[in-house]
**Student:** 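My structure is below; once you've seen it, I'll send some questions.
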Amino acid sequence: MAKDELMVVISAMGKTTNALERVVDALYAGQEDRALAQWVDIIDFHVAIMKDLGLRPGTDVRIDGEIPYDPTRPYDENYDQVVSMGELLSTQIIAVYLLKQGLAVEWWNMPKLLRTDDTWREARVDDETSKETIRAGWERTNRPQIVVAQGFIGGTADGRRTTLGREGSDYTAALLGNYLDAESVTIWKDVPGVLNADPRIEPQTVLIPSLRYQDAVELSYSGAQIIHPKTIRPLENKHIPLYVRPFNDPTASGSCISLEGTGPIDVPVYIWRKNQMLITMRAKDFSFVLEESLSEIFDIIHRNRLKVSLIQSSAVTISVCVDATRFVPQAIEALKEHFNVSYNDHLSLLTIRGTTPEILERAKAGRTIMLSQTTRRTARLVVKENETIEKQP
Ligand code: ASP
Ligand code: MG
């Protein structure tokens, strides 16, 4: 990729993805009027932006009146057809706007270029096919300098749209960076860069100017929302640096994530992973859970697509903290066939990296700790959710 070439990956505008999710929910519940009203709101929101930018809705940007929903198809498949509209709209608006500013721009339709399987809502990317198609598109002799593409969405071999999991645009950018051997990838955010805590929870935050890939993976796994967890691997493979920078201050340098960084992070880092559930399994016959059933437990976890954030065991029980997704109830049913299962919901996992006894003391005070795991430098506390926000660590 040459210096003046730019691949711009864009996600949906504002809260469009959430709004589109509500459209699917309403249709699924048989409430067509509610779905349509919501759909019209979404279109209106985009029309207003187009007008602000001096574009002609319907002429410069195609607007579909119809919701791409087919009641004979499964919910998740419909979800992907509808929710992907957010990115299709935002990228068209921006590409046309840039064109009208006199820039050399091309719009790419990622459902045709980024090949995935049909694991709806969490599609897996076929790297080989995607890389070949995307490189061929990029290497065309008449390609303009700037390409605008959708993040978060791809498509199956038979032409259905898919999505890569919420907040997946970062991941798309990393994949394209990898396929095209980008010099660097920059994620533009509404925060100054990677911070040591979520500024919505903790008012006193500091910027971490330099991190290693391994730190970034750990932070995003612990729940830091700054980067999608799948983003790092494609970049790390090719040693492509990742910058996280504030879009409201394009001159600020933000954070750089790279192989070596400037060494380990030297401030305590607080990361919340919200919306957690703690599932505890106890063997029905008081056998030792760990010795006899571990593979069974992990098989059920894997088959039901649970995302595990923490595991703790004793002689006769094993507890796993998982994201409270829609897959949990069926997993619990499966686990109940083998174990006595109990669970707590409405929990959060707080990870503190670079903790000290004093910091840990403060974090625990006034909170109901369901479970804790500490090593010398890292503490992980599972706490009740309503105590999450109100109290600073
Ligand atoms: N628009 C998608 C979402 O809100 C993808 C993204 O923002 O990265 O989840
Ligand atoms: Mg987003």
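When a ligand or atom number is given, it counts from 1 through the structure's own listing order. Note that the structure is predicted; figures quoted are calculated from it, not measured. Position 1 is the first residue of the sequence; numbering continues from there.
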**Student:** Give the numbers and elements of all ligand 1 atoms closer than 4.0 Å to a heavy atom of Phe152.
**Tutor:** 2 (C), 5 (C)

**Student:** Side chains of Thr91 and Trp107: donor-acceptor distance under 3.5 Å anywhere?
**Tutor:** yes

**Student:** N/O to N/O below 3.5 Å, does that happen between Glu87 and ligand 1?
**Tutor:** yes

**Student:** Applying a 4.0 Å heavy-atom criterion (strictly less than), which segment of Ser169 is in contact with ligand 1: side chain, backbone, both, or neither?
**Tutor:** both

**Student:** Ala12 heavy atoms, cut-off 4.0 Å: which ligand 1 atoms fall inside?
**Tutor:** 1 (N)

**Student:** Using a 4.0 Å cut-off to any heavy atom of Arg166, which atoms of ligand 1 qualify?
**Tutor:** 3 (C), 4 (O), 9 (O)

**Student:** Taking only heavy atoms of Thr17 into account, list the atoms of ligand 1 that are under 4.0 Å away from them.
**Tutor:** 1 (N), 2 (C), 3 (C), 4 (O)

**Student:** Are the side chains of Tyr221 and Pro229 in touch, meaning some heavy atoms are under 4.5 Å apart?
**Tutor:** no

**Student:** Quick one: which residue pairs count as a ring-ring contact (aromatic ring centres under 6.0 Å, His included) with a foot in residues 12-52, not counting sequence neighbours?
**Tutor:** Tyr28-Tyr75

**Student:** Quick one: do Asp181 and Arg135 make a salt bridge, cutoff under 4.0 Å?
**Tutor:** yes

**Student:** Does ligand 1 have any atom that is closer than 4.0 Å to a heavy atom of Gly151?
**Tutor:** no

**Student:** Only counting residues at least two apart or in another chain, list the ones meeting salt bridge (charged side-chain N to carboxylate O under 4.0 Å, His left out) with Lys51.
**Tutor:** none

**Student:** Do Arg121 and Tyr79 form a cation-pi contact, if we require the NZ or CZ to be under 6.0 Å from the six-membered ring centre and within 45 degrees of the ring's axis?
**Tutor:** yes

